[in-house]
Student: 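I have a structure here, written as structure tokens, and I will follow up with some questions on it.
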Amino acid sequence: MLRPLRILLSPPKCPLTRCCSGYVSRMRFVNRLQEDDDACAAALQNGRIFLFHSLSPLLQRTNRGTFRTSALTASDLQPILKNLGSDGSLLKESVLIGCSEQNQAEFCLDVGQLDQAAVEEQCGGTFVDLRKAFFLLKGAEAPLVAKGQALLRWHQTNRFCSATGQPTQRNQAGSHRFCSSSSTTYYPQMSPVVIVLVSDGTRCLLGRQASFPRGLYSALAGFCNMGETLEEALRREVAEEVGLEVQNISYSSSQHWPFPHSSFMVACHASVSPTHSQVDVDHSELEEARWFSLDEITCALQVKAPPRRGDPPVIWLPPPHAVANRLITEWADLQRHGKDGP
Ligand SMILES: NC(=O)C1=CN([C@@H]2O[C@H](COP(=O)(O)OP(=O)(O)OC[C@H]3O[C@@H](n4cnc5c(N)ncnc54)[C@H](OP(=O)(O)O)[C@@H]3O)[C@@H](O)[C@H]2O)C=CC1
Ligand SMILES: [Mg+2]
């Protein structure tokens with residue numbers, strides 16, 4: 001039996017309002033849209049759609065010169081797509097990202113087949129490369145755009161079944177693709193990466209790859225191998241990259257990282273004894289790795305933007321968007337409050 005449309009367009013009001021939060025309703029709503037194509041198609045008509053062009057998100061410049069995402073409703077977007085010569089089917093390629101705190105379903109859509117400048121003019125924004133956009137956006141907007149781009153990229157690169165070579169079909173939400181020849185369901189994939197800030201009690205260890213911009217140092221990171229636990233991957237990466245054996249591993253936090261593709265970054269602290277802290281860098285992986293004192297880290301954390309060409313050399317760290325920054329800030333806070341490492 002068809003459910004009333006009212007229920008399909010936004011999270012249902014929970015009958016147990018006193019024990020069920022808005023968060024729970026939103027999560028259940030998103031889950032339902034992933035499972036019910038009709039409900040998802042209805043929610044799209046009432047949702048917010050974030051546009052991308054060839055995987056670059058559409059941003060708007062505010063009066064204060066900052067940038068923000070630009071979302072359109074289906075009714076705003078339909079006439080624009082029509083003006084640009086696209087039929088109504090393009091909108092259906094939207095992929096569900098989630099549900100806003102205002103209870104609106106959120107979608108992303110790549111309009112790469114349309115003329116970029118014409119879409120920008122009609123929508124009053126600019127398509128910005130994700131590497132730039134990610135760092136221009138503030139707060140929750142950066143991860144939202146990163147998630148949208150990751151989902152769109154996954155759909156673009158998984159159009160065919162790897163077993164049969166036949167085209168795969170997506171569900172309306174875009175939460176999976178299905179090959180009817182092999183009955184295989186494909187889900188969006190992330191690569192697990194461990195990132196670790198190693199401390200010797202009074203100093204922390206940072207490294208830089210030759211490809212990093214001048215003066216940028218970060219925590220050590222590496223992709224997990226098949227079959228490894230996180231702890232094994234962490235110990236192996238530190239051993240490979242800087243020749244140290246770490247102990248006292250503790251979890252800090254995690255994040256989705258869109259570069260180079262979707263990585264699931266798991267951030268940890270670890271320690272080495274000060275008597276076993278001599279680094280032996282593998283130069284095929286890192287250009288340099290060295291210990292930094294709290295004073296050096298405090299100075300580096302104050303550098304808020306990458307140095308410009310011609311500026312004097314300065315050590316700087318990944319920005320607050322990056323979980324590496326969180327690890328380094330946590331370590332510095334612990335040091336300032338007199339604790340001995342992580
Ligand atoms: N958010 C944050 O704060 C930070 C994020 N990072 C991210 O962590 C990631 C990993 O760090 P990095 O030191 O480069 O990793 P690694 O030390 O593991 O070295 C990268 C190399 O590992 C190989 N590799 C193995 N598995 C994969 C895979 N699934 N995907 C891609 N490459 C793989 C590749 O080698 P080959 O090319 O030879 O095949 C690649 O060049 C990077 O993508 C980086 O952007 C890093 C620091 C901070
Ligand atoms: Mg590495």
Side-chain angles (χ1 to χ4, degrees), residues 55 129-147 149-150 153-154 157-158 162 187-198 204-244 246 249 251-270 279-290 292 297 300-301 303-304 306 315-332 342:
L55 299 176
D129 180 76
L130 186 76
R131 260 188 198 278
K132 201 170 163 201
F134 190 71
F135 296 106
L136 285 172
L137 292 171
K138 298 271 174 283
E141 292 205 304
L144 182 85
V145 158
K147 180 177 176 181
Q149 198 234 32
R153 181 195 293 279
W154 181 78
T157 52
N158 286 273
S162 56
Y187 294 95
Q189 300 285 307
M190 298 187 285
S191 299
V193 173
V194 64
I195 177 162
V196 56
L197 190 66
V198 181
C204 69
L205 183 62
L206 301 179
R208 51 173 278 110
Q209 296 179 8
S211 59
F212 282 12
R214 196 164 54 105
L216 174 66
Y217 285 79
S218 185
L220 305 182
F223 289 92
C224 297
N225 287 342
M226 189 69 81
E228 272 182 335
T229 65
L230 194 69
E231 296 84 342
E232 286 165 348
L234 188 158
R235 287 206 167 90
R236 176 185 53 74
E237 279 293 333
V238 177
E240 281 176 7
E241 294 191 350
V242 294
L244 293 174
V246 295
I249 298 169
Y251 170 77
S252 160
S253 48
S254 65
Q255 77 172 160
H256 169 251
W257 189 244
F259 314 114
H261 302 303
S262 296
S263 294
F264 177 57
M265 309 287 309
V266 183
C268 295
H269 293 278
V279 295
D280 172 16
V281 177
D282 176 350
H283 290 288
S284 67
E285 300 226 17
L286 293 178
E287 183 181 76
E288 191 197 346
R290 71 170 180 88
F292 287 78
I297 292 294
L301 282 170
V303 178
K304 296 296 176 211
I315 287 169
W316 57 291
L317 302 171
H321 289 57
V323 76
N325 182 292
R326 178 195 277 250
L327 282 174
I328 296 165
T329 305
E330 282 174 354
W331 178 84

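Start at 1 and go down the list; that is how both ligands and their atoms are numbered. Positions are given from 1 along the sequence. Note that these values count all heavy atoms, side chains included, but never hydrogens, waters or copies made by symmetry.
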Student: Compute both the distance and the angle, then confirm whether Arg131 meets the cation-pi test with Phe135: under 6.0 Å from the six-membered ring centre, within 45 degrees of the axis.
Tutor: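 Geometry flag: not set, cation outside 6.0 Å or 45°.
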
Student: Test of understanding: given a 4.0 Å heavy-atom threshold, classify the contact between Phe223 and ligand 1 as side chain, backbone, both, or neither.
Tutor: both

Student: Which of the numbered atoms in ligand 1 are below 4.0 angstrom from a heavy atom of Met265?
Tutor: 4 (C), 5 (C), 6 (N), 7 (C), 8 (O)

Student: Please state which part of His261 comes within less than 4.0 Å of ligand 1, counting heavy atoms only: side chain, backbone, both or neither.
Tutor: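 Under 4.0 Å from ligand 1, His261 contributes no heavy atoms.
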
Student: Have a look at ligand 1 and work out which part of Ile195, if any, has a heavy atom under 4.0 Å from it: side chain, backbone, both or neither.
Tutor: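 Within the 4.0 Å criterion, Ile195 contacts ligand 1 through side-chain atoms alone.
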
Student: How far does CD of Glu141 sit from CG of Leu136, to the nearest 0.5 angstrom?
Tutor: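 Glu141 CD to Leu136 CG: 11.0 Å, rounded to 0.5 Å.
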
Student: To which protein heavy atom is atom 12 (P) of ligand 1 closest, and what is the distance rounded to 0.1 Å?
Tutor: Gln209 NE2, 3.6 Å

Student: Under 3.5 Å between some N or O of ligand 1 and some N or O of Gln255?
Tutor: yes

Student: Under the 3.5 angstrom rule, does the side chain of Trp331 hit a backbone N or O of Val198 as a donor-acceptor pair?
Tutor: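 No: the side chain of Trp331 does not pair with the backbone of Val198.
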
Student: Considering only heavy atoms of Glu285, which atoms of ligand 1 have at least one such atom less than 4.0 Å away?
Tutor: 17 (O)

Student: Specify side chain, backbone, both or neither for Ala221, according to which of its non-hydrogen atoms lie closer than 4.0 Å to ligand 1.
Tutor: both

Student: Of all heavy-atom pairs between Leu286 and Leu220, which one has the smallest distance, and what is that distance?
Tutor: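 Heavy atoms only, the tightest pair is CD1-CD2, 3.8 Å.
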
Student: At under 4.0 Å between heavy atoms, is it the side chain or the backbone of Val193 that contacts ligand 1, or both, or neither?
Tutor: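 Side chain only.
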
Student: Is the closest side-chain heavy-atom distance between Leu244 and Asp280 below 4.5 Å?
Tutor: no

Student: Protein heavy atoms near atom 37 (O) of ligand 1, is at least one of them under 4.0 angstrom away?
Tutor: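 No, no protein heavy atom sits under 4.0 Å from atom 37 (O) of ligand 1.
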
Student: Could you say whether the N/O atoms of Ala324 and ligand 1 ever approach to under 3.5 Å?
Tutor: yes

Student: Taking heavy atoms and a distance under 4.0 Å, where does Ser191 meet ligand 1: side chain, backbone, both or neither?
Tutor: side chain

Student: Begin with the C-alpha distance, continue with both residues' side-chain angles, and end with the deciding distance and a verdict on side-chain contact (heavy atoms from CB on, under 4.5 Å) for Phe292 and Ile328.
Tutor: CA-CA 11 Å; Phe292 287 78; Ile328 296 165; over 6 Å; no

Student: For a quick test of reading the model, state the closest non-hydrogen atom pair linking Leu317 to Ile297 and the distance between them.
Tutor: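 Shortest heavy-atom contact: CD1-O, 4.3 Å.
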
Student: Do the non-hydrogen side-chain atoms of Ile249 and Leu230 ever get within less than 4.5 Å of each other?
Tutor: no

Student: Going by the atom numbers of ligand 1, which of them fall below 4.0 Å from some non-hydrogen atom of Pro260?
Tutor: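 Counting atoms of ligand 1 from 1, those under 4.0 Å from Pro260 are 43 (O).
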
Student: Given 3.5 Å as the limit, does a donor-acceptor pair link the side chain of His321 with the main chain of Leu137, or not?
Tutor: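 The answer is yes, because a donor-acceptor pair under 3.5 Å joins these two groups.
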
Student: Do me a favour and list the nearest non-hydrogen protein atom to atom 15 (O) of ligand 1 with residue, atom name and distance?
Tutor: Gly222 CA, 3.5 Å

Student: Quick one: does atom 40 (C) of ligand 1 have a protein heavy atom under 4.0 Å from it?
Tutor: no

Student: Do you see a protein non-hydrogen atom under 4.0 Å from atom 8 (O) of ligand 1?
Tutor: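 At least one protein heavy atom is under 4.0 Å away.
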
Student: For ligand 1, find out whether one of its N or O atoms is nearer than 3.5 Å to an N or O atom of Phe259.
Tutor: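 N/O-N/O distance under 3.5 Å: yes.
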
Student: Show the nearest heavy-atom pair for residues Pro318 and Leu216, with the distance to one decimal.
Tutor: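 Scanning both residues completely, I find the closest heavy atoms to be N-CD1, 3.6 Å.
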
Student: Checking Leu327 against Glu330 for the side-chain contact (heavy atoms from CB on, under 4.5 Å) test, could you report, in this order, the C-alpha distance in whole Å, the side-chain angles of both residues, the deciding distance, and whether it holds?
Tutor: CA-CA 5 Å; Leu327 282 174; Glu330 282 174 354; 4.2 Å; yes

Student: Glu241 near ligand 1, heavy-atom distance under 4.0 Å?
Tutor: yes

Student: Do any of the N, O or S atoms of Ala221 sit under 2.8 Å from the Mg ion (ligand 2)?
Tutor: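 So Ala221 does bind the Mg ion (ligand 2) by this criterion.
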
Student: Can you confirm whether something in the protein, heavy atoms only, sits under 4.0 Å from atom 34 (C) of ligand 1?
Tutor: no

Student: Can you give me the closest heavy-atom contact between Arg153 and Pro260, atom names plus distance?
Tutor: NH2-O, 4.2 Å

Student: Give me the atom names and distance for the closest heavy-atom approach of Glu285 to Gln209.
Tutor: O-CG, 3.8 Å

Student: Tell me, please: is Arg326 in heavy-atom contact with ligand 1, that is, under 4.0 Å?
Tutor: no

Student: Is atom 1 (N) of ligand 1 near the protein, in the sense that some protein heavy atom lies at less than 4.0 Å from it?
Tutor: yes

Student: So which heavy atom on Phe212 is nearest to which on Ser218, and how close?
Tutor: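 For Phe212 versus Ser218, the nearest heavy atoms are CE2-CB, 4.0 Å.
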
Student: With a 4.5 Å cut-off on side-chain heavy atoms, are Gln189 and Ser262 touching?
Tutor: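 No, their side chains stay 4.5 Å or more apart.
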
Student: Applying side-chain contact (heavy atoms from CB on, under 4.5 Å) to Val145 and Phe134, what does each step give before you reach the verdict?
Tutor: CA-CA 7 Å; Val145 158; Phe134 190 71; over 6 Å; no

Student: Restricting to N, O or S atoms, which atom of Glu241 is closest to the Mg ion (ligand 2)?
Tutor: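 This residue's closest N, O or S atom turns out to be OE2.
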
Student: Going by the atom numbers of ligand 1, which of them fall below 4.0 Å from some non-hydrogen atom of Ala322?
Tutor: 1 (N), 2 (C), 3 (O)

Student: Using 4.0 Å as the upper bound for N to carboxylate O, is an ion pair formed by Glu288 and Arg208?
Tutor: no

Student: Against ligand 1, does Ser218 come closer than 4.0 Å with any heavy atom?
Tutor: yes

Student: Any protein heavy-atom neighbour for atom 26 (N) of ligand 1 (distance below 4.0 angstrom)?
Tutor: yes

Student: Please identify which atoms of ligand 1 are closer than 4.0 Å to at least one heavy atom of Glu237.
Tutor: 17 (O), 18 (O)

Student: Among all protein heavy atoms, pick the one closest to atom 44 (C) of ligand 1 and tell me residue, atom and distance.
Tutor: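 Checked against all protein heavy atoms, atom 44 (C) of ligand 1 sits closest to Trp257 NE1, 4.0 Å.
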
Student: Would you call Glu240 a ligand 1 contact, heavy-atom distance under 4.0 Å?
Tutor: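 Judged by the 4.0 Å heavy-atom criterion, Glu240 does not count as contacting ligand 1.
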
